[in-house]
Amino acid sequence: MYSSMCLCILQDLKAILDGGSDLPFPDGLLINGRGSNGYTFTVDQGKTYRFRISNVGLTTSINFRIQGHKMLLVEVEGTHSLQNTYDSLDIHLGQSYSVLVTADQAAHDYFIVVSTRFTSQVLTTTSILHYSNSAGSVSDTPLGGPTIQTDWSLEQARSLRRNLSASGPRPNPQGSYHYGLINTTRTVRLQNSAPIINGKQRYAVNSVSFISAYTPLKLADHYNIPGVFSLGSIPDSPTGGGAYLQTSVMAADFRGYAEIVFENPEDNVQSWHIDGHTFFVVGMDGGQWSPASRLSYNLRDTISRCTVQVYPESWTAVYMPLDNVGMWNVRSENWARQYLGQQFYLRVYSPANSWRDEYPIPTNALLCGRAAGLRTRPV
C-alpha cells in the first residue's frame, strides 16, 4: 500500500514537470516520516547517543540542531571525521552525518529542530528529545537557526576534515591514502544550467540535458548494442553554447585520477552525487574557478564523501580515483533538476574484461529494450 501510494505521488510530480511547470513549494518537513512533535527520542541522563542524520528530501538543504545540546561530529558518509563540536549542522540534499550527543543537561524535554536553508520561506519541524527521568516538557518555542547565510555554511563545510588518527580503513587510491600527492590524469569541469528547450524548462550539464534511452545503458554497454548512446556525447568543460537533449555519456579510464570541478553560476545551492565512487572534497569558494584556485586546495586531510554541495555563484573541486569499472550516474540530488536532465553517465572502462574488476551481468537480470531476448552468462 505504501509503495503504491509513493509511486502515484511520483507520477503526479513527473506530470507537473512534464507539463512545463515547477514543483510547488513543499508543505513541510518530516523527521522519520512524521511532522512536528510526531516522533520522540528517549534518552537516559548521562549517556551518549549516536544520531545519524540524512537529508532524503527532494529540493532543499536543511539545518539540524538539538536544543541545549552540542553535537560531536564523528562520521561523514563513511569517513571518520575530525571530531569537531557543532551547535547545528547544514545537511544538503543526499548527504549524511553521524554525531554523538550526550544527555548532560537538566532532566527535561528538548526540541530537535530541522529547518530549511536558502529558501525565501523557512519551513521548520521538530521532534522531542525526552529524558527518561524528565521533570518538565519542552519550551514553547524551538530555537531558531541559520537561514540564508551562505558564508556561514561555507565555513562550516571547510571545517570538515578527515580524522587521520582514526583506526578505521582509509580510501586507498593507487596504493596511497595521501591523495594530495597523486598526480591527476584529467580535469573535468561540470557547469549546471537551467535552459528552456522546445518551450519547456529543462536542466543541463555543460549544455547537455540528459534524456533516458529506451534500452538501459548498462545493458547496451555490456552487449555492445549500437545506437543507444555515444561516448563523448558530453564535453569535459562548459561550452557556452545552446543547450540540447542527449543521452549523455562521458568516457573514463579505469585507475585514472580525476580532478572534477563543479561550477554553479546560478543563484541557488546545488548538490551533486556520483554513483559507485567516493571523492576527496579538496576545495570550494565563491566566484569563477581557475587553475589558480588550486593554490587553495586542502591536499592533506580533507573529507571524502559521495555527495557534495556547490554554493550559489561558486565552485567546488574534488579529486576522485576512478577505481570502479562500470556505467555510473553523475546527478543532481535535486530531484526535479535530475528528472529534467541535470545528470549524465560516466563509463569507467577497463580493457581487461576481468571479474576482478567488474562482476558480469547477473543470470537473473531483466533484459529489456533492445537487449530483450539476449542471453546472460551460463549459470
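Basis for what follows: all heavy atoms, side chains included, without hydrogens, waters or symmetry-related copies. Throughout, residue positions are numbered sequentially from 1 according to the sequence presented.
Of the charged side-chain nitrogens involved, at least one lies within less than 4.0 Å of a carboxylate oxygen, so that D275 and R331 count as a salt-bridged pair. Looking at E259 and R189, no side-chain N of the basic residue comes within less than 4.0 Å of a carboxylate O on the acidic one, giving no salt bridge. A salt bridge between D221 and R347 is present, with a side-chain N of the basic residue lying under 4.0 Å from a carboxylate O of the acidic one. The pair K47-D104 does not meet the salt-bridge criterion, since no charged nitrogen lies less than 4.0 angstrom from a carboxylate oxygen.
By the salt bridge (charged side-chain N to carboxylate O under 4.0 Å, His left out) test, K70 is found to be paired with D87, residues two or more places apart in sequence or in another chain being considered. Residues forming a salt bridge (charged side-chain N to carboxylate O under 4.0 Å, His left out) with R305 (at least two apart in sequence, or on another chain): E77.
Separation of the Y39 and H130 ring centroids does not fall under the 6.0 Å cut-off. When ring centroids are compared, F210 and Y203 stay outside the 6.0 Å threshold. Here the two rings, on F254 and Y349, have centers that are 6.0 Å apart or farther. Aromatic ring centres of Y179 and F280 lie closer together than 6.0 Å. For an aromatic pair to be called close, the ring centres must be under 6.0 Å apart, and F41 with Y49 fails this. Between Y359 and W355, the ring centre distance reaches or exceeds 6.0 Å.
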Evaluation steps, salt bridge (Lys or Arg N to Asp or Glu O under 4.0 Å), between D253 and R186: CA-CA 10 Å; D253 293 329; R186 181 180 182 183; over 6 Å; no
Could you walk me through whether S153 and D90 pass side chain to side chain contact (heavy atoms under 4.5 Å, CB included), step by step? CA-CA 7 Å; S153 188; D90 275 357; 2.7 Å; yes
Under the salt bridge (Lys or Arg N to Asp or Glu O under 4.0 Å) rule, what do R161 and D301 come out as? Steps first, then yes or no, please. CA-CA 6 Å; R161 294 285 190 269; D301 64 347; 3.4 Å; yes
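Counting only N and O atoms by type, the side chains of Y339 and D18 include a donor and acceptor under 3.5 Å apart. Looking only at atom types and distance, the side chain of T48 has a donor-acceptor partner in the side chain of T102 under 3.5 Å away.
Pairing each heavy atom of S332 with each of N334, the nearest pair is OG-N, 3.1 Å. Between V261 and Y297, the shortest heavy-atom contact is CG2-OH, 4.4 Å. The minimum heavy-atom distance linking Q338 with Q343 is given by the pair O-NE2, 3.0 Å. A pairwise comparison of heavy atoms in T141 and F111 identifies C-CE1, 3.9 Å as the closest pair. Residues T302 and N298 share a closest heavy-atom pair of N-ND2, 3.4 Å. Between V249 and S233, the shortest heavy-atom distance links the atoms N-OG, 2.9 Å.
Under the 30°/60° scheme for interplanar angles, the aromatic rings of Y110 and H69 are found to stand perpendicular.
When side chains are defined from C-beta on, L123 counts as touching P26, because their heavy atoms get closer than 4.5 Å. Put simply, the side chain of P321 does not reach to within 4.5 Å of the side chain of H277, judged on heavy atoms.
I31 and I62 fall within a single hydrophobic cluster, where Ile, Leu, Val, Met, Phe, Trp and Tyr side chains are chained together by heavy-atom contacts under 4.5 Å. The hydrophobic cluster containing V74 does not contain L160, counting ILVMFWY residues as joined when their side-chain heavy atoms lie under 4.5 angstrom apart, directly or transitively. Both W272 and V318 are members of a single hydrophobic cluster when ILVMFWY side chains are connected at heavy-atom separations under 4.5 Å. Residue W328 is not grouped with residue V228 when hydrophobic side chains (ILVMFWY) are merged at heavy-atom distances under 4.5 angstrom, including chains of intermediate members. In this structure, F279 is a member of the same hydrophobic cluster as V325, with clusters built from ILVMFWY side-chain heavy atoms closer than 4.5 Å.
Judged purely by atom type and a 3.5 angstrom limit, N55 uses its side chain to pair as donor or acceptor with the backbone of T60. In terms of modelled atom types and a separation under 3.5 Å, the side chain of T215 and the main chain of R370 share a donor-acceptor contact. At distances below 3.5 Å, not a single donor-acceptor pair connects side-chain atoms of S81 with backbone N or O atoms of V76.
Dense packing is recorded around CG of N32, with more than 12 heavy atoms of other residues, nucleotides or ligands lying under 6.0 Å away.
The distance from atom OG of S159 to atom CG of L73, rounded to the nearest 0.5 Å, is 8.0 Å.
If you run side chain to side chain contact (heavy atoms under 4.5 Å, CB included) between Y257 and each of L322, T184, D323, only T184 comes through.
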